[in-house]
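Whatever order the structure lists ligands and atoms in, that order sets their numbers, starting from 1. Position 1 is the first residue of the sequence, and the numbers go up from there.
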Amino acid sequence: MVTLSNEYLKDIITEYTPYTTQGEVVQSLPCVSELNQNDIGIAVIDLDQNIYTAGTTDLSFSLQSASKVVSLMIALEDLGEEKVFQTVGMEPMGDFFNTISHLEADDVHRPFNPMVNAGAIAICSLIKGSSVEERFERIMTMLKSVLGHDDIHMNEDVYKAERRKGDRNRALAYYMSSTGSVALDPEEALDLYFRINSIQFQVRDLALLGLFFANGGKTIEGGEQLLHPDHLTTIEAIMMTSGMYNESGRFAVNVGFPCKSGISGGIFGAVPGRYGIGVIGPAINPKGNSVAGSKILERLSKDLGLNIFHPEAKE
Ligand code: GLU
């Protein structure tokens, strides 16, 4: 069995950097399009807060779809499972993340799950607060407690670009409003959705987010239970079945722990009771996942015995 170290991660980065040429950096969103195709970075943090890193670790990127986990977390804490899953389903979709057809095909016109765009927009409509600003501040406050530091912010340029380029998301929100399947104010829900997509992270933050889940929904410093254990179970199961767009099945088999990706090329993973893992590799495949990042997670899972379904997975 391999021992985790900076040297080990450095060798992995060297070995997998060639995979960055197989993906493409998303060009439709300014700021994301400026990310470097060849960059690849990783951070792994264990429950004793030992941190191991390699590659491009100082890159700042927008959270994009990884934010869907955070909004789901707060909606569950605000309203509980019954209400949340009256609004969105919990089934994997098997189609692209921003598809609209499922809203038409499904009898009840509900989004399939909280990890697709329609579902995340619906979830944003549930979060409590008297204004979008207040709801966003609640999310940021929670996120800062989860990460254990204050050094995150919303990138105004990404936010403006999300708004400017957000017609597909507008279509999803207004369609849900038109059928009445989700009782939402489309503009307010979209505004919050665009804001959380635009939160700026570094790869270490992705690992810290994963670590929070790996630590049972408790903060690492102080051990405060911020997430009800039942909600943690629900979120991790949904990450496992829907967190990696329509490649979630492949991830469940080859990686075998809950992960969530975003189109900036970031992925965070939670290995229960063991590690929080963050990878960034802006070159993504057509399904939306970092090519090199995905390969690295597969490798780590094998080398370190992280697949929770494997009979020899460590405690
Ligand atoms: N912000 C983009 C959108 O809402 C991409 C989200 C993602 O990472 O999948 O469509």
Side-chain angles (χ1 to χ4, degrees), residues 23-35 59-72 88 92-103 111-125 132 136 139 154-176 184 186-201 203 205-206 209 238-239 241-248 251 259-269 278-291 293-294:
E24 281 180 20
V25 177
V26 166
Q27 293 302 313
S28 57
L29 275 178
C31 303
V32 176
S33 64
E34 289 157 18
L35 296 172
L59 188 68
S60 182
F61 52 90
S62 51
L63 197 48
Q64 297 296 329
S65 265
S67 67
K68 291 172 167 123
V69 174
V70 183
S71 45
L72 175 60
V88 299
M93 187 164 76
D95 208 341
F96 287 104
F97 61 94
N98 58 6
T99 178
I100 196 164
S101 56
H102 74 291
L103 294 174
F112 264 49
N113 65 65
M115 300 290 120
V116 295
N117 285 17
I121 294 165
I123 290 290
C124 281
S125 76
V132 175
F136 181 65
I139 293 174
M154 185 187 85
N155 183 326
E156 281 288 340
D157 291 338
V158 178
Y159 169 62
K160 283 184 193 144
E162 290 280 350
R163 289 182 71 96
R164 207 168 51 245
K165 301 270 184 179
D167 282 353
R168 170 66 81 114
N169 289 322
R170 260 177 217 106
L172 294 169
Y174 278 92
Y175 187 81
M176 288 189 285
L184 82 172
E187 285 305 326
E188 287 208 348
L190 285 163
D191 194 1
L192 186 57
Y193 175 80
F194 293 145
R195 284 173 198 244
I196 61 173
N197 272 258
S198 312
I199 298 169
Q200 210 71 15
F201 257 41
V203 74
D205 301 318
L206 288 176
L209 184 54
I238 291 177
M239 283 169 68
T241 50
S242 300
M244 300 301 294
Y245 307 112
N246 45 343
E247 274 189 320
S248 299
F251 260 76
C259 294
K260 180 74 198 96
S261 56
I263 56 149
S264 310
I267 305 174
F268 81 90
V279 284
I280 177 70
I284 64 172
N285 67 17
K287 297 198 169 165
N289 295 319
S290 169
V291 179
S294 303

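Residues that satisfy the side-chain contact (heavy atoms from CB on, under 4.5 Å) test with A122, not counting sequence neighbours, are T87, V88, P111, M176, V182. Judged as a side-chain contact (heavy atoms from CB on, under 4.5 Å), and not counting sequence neighbours, the contacts of V291 are Y19, Q22, N285. Evaluation of the ring-ring contact (aromatic ring centres under 6.0 Å, His included) rule for Y245 yields F97 as partners, not counting sequence neighbours.
With hydrogens and angles left out, the side-chain atoms of N197 and Y159 include no donor and acceptor closer than 3.5 Å. With no hydrogens or angles considered, no side-chain donor-acceptor pair links S62 and N155 at under 3.5 Å.
Contact residues for ligand 1 (protein heavy atom closer than 4.0 angstrom to any ligand atom): Q64, S65, F97, N117, E162, N169, Y193, N197, Y245, G262, I263.
Sparse packing is recorded around CD of E24, with 12 or fewer heavy atoms of other residues, nucleotides or ligands lying under 6.0 Å away.
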